[in-house]
Amino acid sequence: MKKIIAFNWKSNPVTVKAAIKLAKTVENAIPQKKYSEVVIAPPFVFLEDVGKAIKKAKLGSQDIFWKNNGPYTGEISWHQEKNLKVKYAIVGHSERRQILGETDGMINKKVLAALKSGLKVILCIGENLTIRKRGKKAVENFIKSQLQKDLKNIENCKLKIENLIIAYEPIWAIGSKHPDTPKDAVEMINFIKKVVSGKYKVESVKTLYGGSVNGKNIKNFLKYKEIGGFLVGGASLKPKEIKNIIQNTK
Ligand code: PEP
């Protein structure tokens, strides 16, 4: 099955010119004979220009609002995103949960709106360091609870399982230069697959790993077929890393 590499640029870069340049770096690194799906999630303000600069890569958003349009100051709706040719929506990133106070209830509304609109959702889940230190059972309980809250009622969306992607991102590994061990990440990914398939009777949900992945350490994760791809933050801004990540992911 095709792997997904999703580049989350967060609040970078600063100008549209730099965003187009970075998008072209990604585009040029994708081989003609494509073997993985590469997604670029730029800041909203660059969606349109980045969308025009790419052909092989797919456009993603870093968030989505659940209403179509209306009096929702500062929010960008799923409908507006679809009109900009966005194909993937990242939902529930830990920075939005922690810095902006996004709750599981809000994330669930976003997941439902995205799935109903036909967007592919990359739902981010993952534990913080305090939970991790309590051991594996505590992490599993936390992950299970996040899945139950964030995916509530998705059975009403006529779910196409290929439209639901889960990114396992332990918070302590994000931007820390200390990725999870591939073995531990795979254990959690298998747990996530088990929870989702048990509840929704789907064979397997594509599950990505995210947290300090770079062009070098990615090889250790790629040994495990359970990992459906990667969500990449910091390294997605560095041309050399971009090339290595894309070219190493077969
Ligand atoms: C992220 O923020 O989703 C992420 C994985 O960031 P980084 O690759 O920088 O750890």
Side-chain angles (χ1 to χ4, degrees), residues 3-14 19 22 25-26 29 36-44 46 57-64 86 88-102 104 107 110-111 114 120-129 131-132 139 142-143 146-147 150 164-182 184-186 188-189 192 206-222 224 227-249:
K3 303 249 188 241
I4 295 176
I5 306 165
F7 289 131
N8 174 11
W9 290 356
K10 310 189 182 187
S11 285
N12 298 290
V14 173
L22 195 56
T25 304
V26 175
S36 50
E37 176 102 320
V38 179
V39 180
I40 302 177
F44 286 121
F46 303 142
K58 300 282 184 298
L59 196 58
S61 66
Q62 297 177 17
D63 189 27
I64 186 178
V86 166
Y88 287 79
I90 297 173
V91 173
H93 192 280
S94 61
E95 284 155 12
R96 297 200 59 82
R97 293 179 191 256
Q98 291 193 312
I99 303 168
L100 293 146
E102 241 178 52
D104 287 303
I107 290 159
K110 294 179 182 200
V111 169
K120 289 177 185 268
V121 174
I122 302 178
L123 170 67
C124 303
I125 56 173
E127 79 286 357
N128 64 22
L129 193 55
I131 297 171
R132 180 70 165 216
V139 176
F142 180 78
I143 293 292
Q146 274 193 323
L147 285 170
D150 297 349
L164 177 66
I165 297 140
I166 314 271
Y168 172 58
E169 298 210 298
I171 297 173
W172 48 270
I174 293 178
S176 67
K177 299 201 175 83
H178 298 292
D180 202 354
T181 64
D184 283 358
V186 167
M188 281 321 298
I189 283 175
I192 290 165
K206 198 181 260 298
T207 310
L208 318 182
Y209 168 73
S212 295
V213 168
N214 61 34
K216 207 166 171 201
N217 65 27
I218 199 167
K219 288 189 191 148
N220 306 329
F221 290 95
L222 281 163
Y224 296 87
I227 300 181
F230 304 93
L231 184 51
V232 183
S236 73
L237 303 170
K238 299 177 186 152
K240 204 167 153 212
E241 297 287 350
I242 292 169
K243 282 180 205 146
N244 286 339
I245 288 170
I246 294 177
Q247 280 158 19
N248 283 329
T249 308

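Computed from a predicted model, the values in this text were never measured in an experiment. Order of appearance sets the numbers: ligands from 1, and atoms from 1 within every ligand.
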- Message: How close do Lys177 and Ser212 get, counting heavy atoms only, and between which atoms?
- Response: N-OG, 2.9 Å

Considering only heavy atoms of [X], which atoms of ligand 1 have at least one such atom less than 4.0 Å away?
| X | value |
| --- | --- |
| Gly211 | 5 (C), 10 (O) |
| Ser212 | 7 (P), 8 (O), 10 (O) |
| Gly175 | 7 (P), 9 (O), 10 (O) |
| Ile174 | 1 (C), 2 (O), 4 (C), 6 (O), 10 (O) |

If you measure every N or O of [X] against every N or O of ligand 1, does any of those distances drop under 3.5 Å?
| X | answer |
| --- | --- |
| Gly233 | yes |
| Val232 | no |
| Ser176 | no |
| Asn8 | no |

- Task: With side chain to side chain contact (heavy atoms under 4.5 Å, CB included) as the test, would you mind laying out the steps for Val232 and Ile218 before giving the verdict?
- Result: CA-CA 10 Å; Val232 183; Ile218 199 167; 5.8 Å; no

What is the nearest protein non-hydrogen atom to [atom], stated with its residue, atom name and distance?
| atom | value |
| --- | --- |
| atom 5 (C) of ligand 1 | Glu169 OE2, 3.1 Å |
| atom 1 (C) of ligand 1 | His93 NE2, 3.2 Å |
| atom 9 (O) of ligand 1 | Gly234 N, 2.8 Å |
| atom 2 (O) of ligand 1 | Lys10 NZ, 2.4 Å |

- CG/Leu208 to CD1/Ile189 distance, rounded to the nearest 0.5 angstrom? 7.5 Å

- Which value, rounded to the nearest 0.5 Å, describes the distance between Ile40 atom CD1 and Ile5 atom CD1?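 Rounded to the nearest 0.5 Å, the CD1-CD1 separation comes out at 11.0 Å.
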
- Item | N-O pairing of Arg97 and Asp104 below 4.0 Å | yes

- Message: Test side chain to side chain contact (heavy atoms under 4.5 Å, CB included) on Tyr88 and Ile4; report intermediate values, then the result.
- Response: CA-CA 11 Å; Tyr88 287 79; Ile4 295 176; 4.1 Å; yes

- Got a donor-acceptor contact below 3.5 angstrom from the Glu127 side chain to the Ile143 backbone?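 The answer is no, because no donor-acceptor pair under 3.5 Å joins these two groups.
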
- Is Lys243 atom NZ crowded by more than 12 heavy atoms from other residues, nucleotides or ligands, each under 6.0 Å away?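 Open.
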
- Which of parallel (below 30°), tilted (30 to 60°) and perpendicular (above 60°) describes Tyr209 and Phe221? parallel

- Query: Within less than 4.0 angstrom of ligand 1, does Ala235 place any heavy atom?
  - Reply: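 It does not, in that no heavy atom of Ala235 comes within the 4.0 Å cut-off of ligand 1.
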
